[in-house]
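First comes the structure, then the notes that go with it.
Just so it is clear, the values below take in all heavy atoms, side chains as well, and ignore hydrogens, waters and symmetry mates.
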Amino acid sequence: MFDVRALLAGRQVRLADGVYLEKETKPVFWLEQKLRALSASLIRPCASTADPFVQQVHQHAATLQTLNDRGLRQFAMLHAKALQEHGLAEAKLAPLFAAIREASRRTLGKSHHDVQLLAGLTLLRGHIAEMATGEGKTLSGTLGVCACALAGASVHVVTVNDYLAERDAQENLPLYRFFRLRVGVVLQDMDVQARAQAYANPVVYVSNKELTFDYLKDRIAVGGSLSSHLQLRRLAGENAAAHTILKGLHVAIVDEADSVLIDEARTPLIISETLPDELDPAVYHRAIGLVNSLTDGEDFMRGQHRDIWLTEQGLGRVATLVQGWGGIWNSALWQKELMNKALSACHLFHRDQHYIVADNKVQIVDEFTGRVMPDRTWERGLHQLIEAKEGCEITGQRRTLSQITYQRFFSKYLLLCGMTGTAQEVAAELKHVYDLPVTRIPTHKHSQRMRLDDQVYSGQADKWRAVAQSAVRMAAAGRSVLVGTRSVEASEALSLAFQTIGAEHTVLNARQDQEEAQAVAQAGQAGRITVATNMAGRGTDIKLSTAVEQAGGLHVILTEFHESARVDRQLFGRAARQGNPGSVQAMVAWDDELFRRYAPWVSSVVKSFFHGLQRHTPAMANTLFRLLVWHAQSKAERLHRKQRLDTLKRDIKWLRALGFVGVDQK
């Protein structure tokens with residue numbers, strides 16, 4: 001249970017299961033803690049480091065240290081064979097984990113901590129292991145990878161991008177080589193043959209998108225493809241199944257599981273082919289031109305949840321303007337469809353926030369990671385309308401060949417498990433959709449993170465000016481500073497504020513995606529200021545210099561609350577990792593998108609009281625503001641959850657339709 005008295009006193013709190021809460025510089029409203037407790041009740045209680053399984057692993061340590069490498073491998077293989085006979089029983093796993101731990105000490109110079117042993121066991125129970133940022137999820141995963149691969153299973157380690165897949169595979173390669181395990185890495189630019197060779201290895205590191213699209217390619221190949229080269233193979237009497245890329249779905253260990261299984265699950269994965277567009281490109285340009293002649297609030301209306309539509313007056317005005325144009329404009333139905341899409345393109349999708357323009361092409365930006373998704377396009381003419389809006393070449397529309405949701409794909413694995421630092425908020429959905437319980441793992445060292453009071457400014461210009469000044473002060477004190485922004489546009493606005501005061505800084509956003517590793521590697525140096533979109537919150541490691549640790553560690557500034565509190569927690573989690581010092585602070589504005597979209601009325605009420613309370617009772621003002629953030633994020637999360645469930649329902653409906661017409665549903 002939560003120690004409410006200690007929470008109200010603002011001290012660090014130890015939970016009964018060994019998990020430590022962050023320090024807070026001010027008391028936190030008791031209702032906020034009750035809500036956290038309610039959410040945490042969905043998470044399985046965490047085992048402590050005194051768990052009998054951990055003690056069993058320790059019992060083998062002294063004996064294994066006396067073995068030479070060959071003897072250690074033989075010991076591991078003996079107990080891996082026992083897994084083939086008895087399954088993933090804990091009594092059989094303990095000696096194997098001990099062998100993997102000793103091999104890691106010899107090859108990587110890292111011996112798994114007790115909490116990492118618990119995380120490895122959690123994975124093989126088929127759970128999600130929630131580990132605090134910086135607790136070593138990558139090393140924890142090697143326990144499950146080695147155990148399953150040595151037992152004969154094919155293991156897919158699923159990451160959020162190619163960079164992390166290649167990095168993690170390379171870092172752990174000496175350990176896998178010790179056990180004679182071959183490792184494959186699947187990257188975006190690989191051809192089909194190279195992919196098949198990579199998947200033939202017992203251990204494969206691959207991003208979620210590459211893995212899922214490879215599965216769809218195989219389904220097309222086996223189930224009847226429109227692809228010419230496979231048709232030729234069939235005509236030649238070859239078996240298409242022999243040319244599939246994947247070699248089975250045995251075990252999937254998903255890193256950053258909430259990002260992959262929840263955030264990415266709002267959109268189905270689709271393989272399509274580009275068709276010659278039946279519409280004249282001029283149609284798209286005319287539609288954009290029409291939108292620019294319409295009046296907001298009279299000809300069209302906006303909803304709170306990213307929806308927009310023509311009013312009756314707007315429909316009449318469009319019908320008048322298109323008289324004599326002929327063709328598709330003669331249809332009232334097409335007029336309405338095109339204009340609603342064009343309204344979305346102009347007013348709901350913004351450059352440098354939802355997409356960027358590079359090489360005269362519109363490229364979608366993932367709002368949760370800040371990364372460009374070069375292979376994604378919007379459907380049903382929306383992408384073409386945005387291309388017309390930006391003056392880019394109009395590409396052809398696409399026809400779906402095969403599709404699947406992440407919910408359905410990952411449910412096909414014999415054993416699905418994962419790791420993340422932020423599963424608390426979506427524990428119920430992970431259990432309901434994937435049958436994945438969440439187990440929270442205790443921290444190896446006590447958290448030293450300090451959260452400073454939130455600061456709220458009247459508008460964007462005031463916010464960027466204050467953020468720049470605060471970051472410069474921290475950097476001058478010998479700290480390193482990471483400033484998180486929600487979009488490319490925001491990162492560039494902040495960069496301009498730094499330039500105005502002559503402050504050196506590094507900007508890391510979707511435009512510099514390839515420079516991410518180098519920029520992050522330097523972010524922990526004294527006096528360094530790094531401005532980053534959400535990509536810095538996932539999978540990247542900021543190593544602090546000794547001088548920075550002595551000066552107080554990394555300072556993280558959040559400049560806009562995300563619609564998902566998990567993304568905010570990931571950003572804050574960059575500071576004070578593994579017992580290091582560090583601090584975090586939110587510096588936001590009343591006109592930020594979260595408040596405008598999800599709590600316009602409530603935020604105006606809170607604003608009217610906030611500044612007065614801040615002068616006389618700052619603690620109460622901070623509490624009131626955090627309740628506003630919780631309200632807005634909860635509303636946004638409910639909407640996103642509904643979208644994910646709707647995606648799953650549409651996928652099931654699509655499957656039933658295919659079954660009715662007799663199409664293979666593999």
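Judged as a side-chain hydrogen bond (donor to acceptor under 3.5 Å, both in side chains), and not counting sequence neighbours, N172 has no contacts. With sequence neighbours excluded, the residues forming a side-chain hydrogen bond (donor to acceptor under 3.5 Å, both in side chains) with E429 are R644, listed by chain and number. Qualifying side-chain hydrogen bond (donor to acceptor under 3.5 Å, both in side chains) partners for D296, counting only residues two or more places apart in sequence or in other chains: R302. Evaluation of the salt bridge (charged side-chain N to carboxylate O under 4.0 Å, His left out) rule for D214 yields R195, K217 as partners, not counting sequence neighbours. Looking at residues two or more places apart in sequence or on another chain, you find a ring pair (Phe, Tyr, Trp, His ring centres under 6.0 Å) between F300 and H347. In this structure S583 satisfies the side-chain hydrogen bond (donor to acceptor under 3.5 Å, both in side chains) test together with R479, H555, sequence neighbours excluded.
Side-chain atoms of D263 and R566, non-hydrogen and from C-beta on, do get closer than 4.5 Å to each other. By the 4.5 Å heavy-atom criterion applied to side chains, R597 and E563 are counted as neighbours. No side-chain heavy atom of K635 sits under 4.5 Å from any side-chain heavy atom of V602.
With respect to K341 and E337, a salt bridge is recorded, a charged nitrogen being found less than 4.0 Å from a carboxylate O. D255 and K137 are not joined by a salt bridge, as no carboxylate oxygen comes within less than 4.0 angstrom of a charged side-chain nitrogen.
Aromatic ring centres of Y215 and F409 lie closer together than 6.0 Å.
Between the side chain of K463 and the backbone N or O of T559 there is at least one donor-acceptor pair closer than 3.5 Å. Judged by distance alone, the side chain of Y434 and the main-chain N or O of L261 form a donor-acceptor pair under 3.5 Å.
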Steps toward side chain to side chain donor-acceptor pair (under 3.5 Å) verdict (S564, E425): CA-CA 9 Å; S564 170; E425 294 87 347; over 6 Å; no

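Under the 30°/60° scheme for interplanar angles, the aromatic rings of Y199 and H156 are found to stand perpendicular. Between H350 and H354, the two ring planes are tilted [angle within 30° to 60°]. Classified by interplanar angle (parallel below 30°, tilted 30° to 60°, perpendicular above 60°), the ring pair F561/F625 is tilted.
S495 and Q499 share a donor-acceptor pair across their side chains, judged by distance under 3.5 Å alone.
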